[in-house]
Amino acid sequence: MKKIMNTSLALSFALLLSACGMPSSEELTGDVKEAQEKVKNVQVKVTGKEEGSSDYQVNGVQEFDFKSKAGYINTKMNGEELKMYHDGDETLAVAGEESTKVQGEEKKYVTALINNARELQQNPIRYYQKYDKNLPDEFDVTEKDKEYVLTFNGDKGKKQKIVAGDAKAYYKITNQGSDTAVDLDQVKGKDFSLVVTIDKETKQIKKVVKNQSYSVNVDGKTENSNSKQTYTYTYNQLDNVTKPKVEAKAGAASTDSSTETPNKEKQAAYAKEAEQYVDALIQATVYQNTDQFVAKHPNQQDKKQVKEKGEFQKSSFVEFFETNFKGALSSLSSNITDEQLNEVSSAFLKALSSTKYTIKDAAYSDEDDAYVVQVEIQGFNDASVLAEVMTPLAEKYQAGELSNEQLVNELIDGVAKRYREPVELLPAKTVPVHVVRNGEQDYEVLMQDEYLLTFAQQS
């Protein structure tokens, strides 16, 4: 829901006031570090290609909870799927039809892989800084619409040092219990590139494209490796990190696995549950109603757990709004008090309360590998509402009639007052919301912006 507030307008307004120009590499990576440290959980879509002793396409999903340290990696290489999971209590692995709780050396291996991936995905810039302490200051910064793009500009020696260090760290893990001997002293970095796309508003990492090449000595033979991977990030949308099911008997396929393609009868039943979940989620987020979240949720057996999830969605919605509102005002944010943020978020929720929606239908999409729920929404033009307040204030500020403190006070008061006044609802618009099934009566909307940006429209 990172864009659910006065996004482009507030951001451009803040940039106009601060007149700070393009941030430096060091400034921007510092902002990114601060933003990433506040992330509670992340889901990462992984795509890529590996070329070496064998060539294969890579697709998958990684999920991490940075508080509980739970992690899940689902990797498909040329169609073959491997799932790994680790938390404080269990370590699981699923390969093909075989699913097991792993112990001993294999547990160390899975745990180390997940911990290393979690460190990388929490902040790739900080991760690679292990191999180049000056890396935060070694990016070219460019601007594109609502994004900053960081492109690593280190020299050849630094690129080789980074990729060699990263490859050695990987082989230290995979060497555990392996019959293949990799000589770590003979890992030679060749080339490395890193492009990081940053959301201007939140300063969170949206996408990373990484290319690297190196040579390694395996059982006395030199092998070359070239890889390209793209990571796309979704933050703070996970109720729980996905946990694979472990069968009582190895090789016994589950008849209710959330990862298998269900038959048409089950698809229809799951689609109905996906409708119920989206209905419940809208109640918890847009309308701040956890009782309705519980009432509409497909899981009616464990209402205590469902209520806890509803409370999390409700509070997270407000927290994200306030964080984004403050962040969008850039250099003025230090003048905003918690009381003022609460006033704005409360007024924004008042405006949202007048919106309307209807769940139309849902169906399973083979292309998206998800259930697509169609939601008809009558929202309001948030950008237009905010322009009524911001435009005259910007003119007064540029004319020298307002100090920073006065500007913030008038802005907060004006926005809160306008949100509490009636907002005109726009014609109904139907939008698709993609839902994934994580288990029995357990669903997740990966991109809440799919519906939120129609309740509070930005153009």
Side-chain angles (χ1 to χ4, degrees), residues 25-26 28-29 32-33 36 44 46-60 62 73 75 77-78 108-109 111-142 149-198 205 207-233:
S25 173
E26 187 174 17
L28 189 52
T29 54
V32 169
K33 179 177 181 292
Q36 296 297 120
V44 188
V46 182
T47 58
K49 183 178 182 181
E50 304 285 337
E51 298 176 344
S53 56
S54 59
D55 298 344
Y56 50 89
Q57 298 288 331
V58 177
N59 292 282
Q62 299 179 1
I73 297 176
T75 303
M77 296 178 290
N78 285 349
K108 292 181 182 178
Y109 165 71
T111 301
L113 277 178
I114 289 179
N115 288 343
N116 188 68
R118 183 180 66 242
E119 181 187 358
L120 169 65
Q121 303 302 6
Q122 186 167 23
N123 186 347
I125 297 172
R126 185 180 63 184
Y127 176 88
Y128 289 112
Q129 192 179 357
K130 294 185 296 185
Y131 311 114
D132 176 10
K133 66 179 182 180
N134 296 319
L135 185 138
D137 196 33
E138 297 173 338
F139 289 93
D140 293 326
V141 181
T142 55
V149 179
L150 293 171
T151 304
F152 180 60
N153 62 15
D155 60 28
K156 182 178 180 180
K158 290 188 174 182
K159 292 178 179 180
Q160 292 175 341
K161 182 179 178 182
I162 290 172
V163 72
D166 189 39
K168 287 179 181 179
Y170 171 75
Y171 285 115
K172 282 181 181 178
I173 297 173
T174 60
N175 270 353
Q176 299 179 39
S178 173
D179 295 330
T180 303
V182 176
D183 187 347
L184 298 181
D185 292 333
Q186 295 300 315
V187 176
K188 305 295 183 184
K190 291 185 175 181
D191 199 9
F192 175 80
S193 67
L194 185 67
V195 179
V196 184
T197 302
I198 309 298
I205 296 172
K207 185 171 75 171
V208 168
V209 179
K210 177 190 70 172
N211 292 282
Q212 64 181 37
S213 60
Y214 60 89
S215 64
V216 60
N217 189 294
V218 181
D219 292 335
K221 181 181 178 181
T222 299
E223 295 182 357
N224 294 306
S225 174
N226 299 283
S227 71
K228 177 179 181 178
Q229 291 193 332
T230 299
Y231 306 126
T232 307
Y233 297 83

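Numbering starts at 1 and runs along the sequence shown.
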Quiz prompt | Pro136 to Ser25 - nearest heavy-atom pair and separation | solution = O-OG, 2.6 Å
Exercise. Step by step, work out the side chain to side chain contact (heavy atoms under 4.5 Å, CB included) result for Thr29 and Gln129.
Key: CA-CA 11 Å; Thr29 54; Gln129 192 179 357; over 6 Å; no
Quiz item: When you look at NZ of Lys130, are more than 12 heavy atoms from neighbouring residues, nucleotides or ligands closer to it than 6.0 Å?
Solution: yes
Self-check item: Side-chain touch Lys228/Val209, heavy atoms, less than 4.5 angstrom
Solution: yes
Quiz item: How far apart are the C-alpha atoms of Lys190 and Val163, what are their side-chain angles, what is the distance that settles it, and do they pass the side chain to side chain contact (heavy atoms under 4.5 Å, CB included) test?
Solution: CA-CA 7 Å; Lys190 291 185 175 181; Val163 72; 5.8 Å; no
Quiz item: For residues Tyr233 and Gln121, is any side-chain donor paired with an opposing acceptor at under 3.5 Å?
Solution: yes
Quiz item: Hey, what do you get for CG (Asn116) to CD1 (Ile173), rounding to the nearest 0.5 Å?
Solution: 4.5 Å
Exercise. Starting from the C-alpha separation in whole Å, work towards a yes-or-no answer on side-chain hydrogen bond (donor to acceptor under 3.5 Å, both in side chains) for Gln212 and Tyr214.
Key: CA-CA 7 Å; Gln212 64 181 37; Tyr214 60 89; 5.3 Å; no
Practice problem: Hey, could you give me the CD1/NZ distance between Ile198 and Lys207, rounded to the nearest 0.5 Å? | Solution: 12.0 Å
Quiz item: Side chains of Tyr231 and Ile205: does their closest heavy-atom pair fall under 4.5 Å?
Solution: no
Quiz item: So, do Gln62 and Arg118 sit near enough that their side-chain heavy atoms are less than 4.5 Å apart?
Solution: no
Quiz prompt | Exam field: side chain Thr151 to backbone Val195, donor-acceptor pair closer than 3.5 Å | solution = no
Quiz item: Can you tell me how far the OG atom of Ser227 sits from the NZ atom of Lys49, to the nearest 0.5 Å?
Solution: 12.0 Å
Quiz item: Which heavy atom in Lys33 sits nearest to a heavy atom in Asn123, and how many Å separate them?
Solution: CA-ND2, 3.7 Å
Practice problem: Run the numbers on Ile162 and Leu194 for side chain to side chain contact (heavy atoms under 4.5 Å, CB included), then give the verdict. | Solution: CA-CA 11 Å; Ile162 290 172; Leu194 185 67; over 6 Å; no
Exercise. State, yes or no, whether a side-chain contact exists between Lys108 and Thr111 at a heavy-atom distance under 4.5 Å.
Key: no
Quiz item: How long is the gap from CG on Asn115 to CG on Leu120, to the nearest 0.5 Å?
Solution: 12.5 Å
Quiz prompt | Nearest atoms (heavy-atom pairs only) where Ala164 meets Gly189 | solution = CB-N, 3.7 Å
Quiz prompt | Residue pairs involving residues 157-170 (criterion salt bridge (Lys or Arg N to Asp or Glu O under 4.0 Å); sequence neighbours excluded) | solution = Glu138-Lys158
Quiz item: Can you find a heavy atom in the side chain of Thr197 that is under 4.5 Å from one in the side chain of Val208?
Solution: no
Exercise. Drop me the distance from Met77's CE to Asn59's CG, to the nearest 0.5 angstrom.
Key: 11.0 Å
Self-check item: Side-chain heavy-atom pair Leu150, Ile125 within 4.5 angstrom cut-off
Solution: yes
Quiz item: Does atom CD of Gln186 have more than 12 heavy-atom neighbours from other groups under 6.0 Å away?
Solution: yes
Practice problem: Return yes when atom OH of Tyr170 has more than 12 non-hydrogen atoms of other residues, nucleotides or ligands closer than 6.0 Å, and no otherwise. | Solution: no
Exercise. Could you tell me whether a side-chain N or O of Gln36 sits under 3.5 Å from a main-chain N or O of Gln122, the two making a donor and an acceptor?
Key: yes
Quiz item: Ser213 side chain to Asp191 main-chain N or O, any donor-acceptor pair under 3.5 Å?
Solution: yes
Exercise. Just jot down the ring-ring contact (aromatic ring centres under 6.0 Å, His included) partners of Tyr128, sequence neighbours excluded, or say none.
Key: Phe192
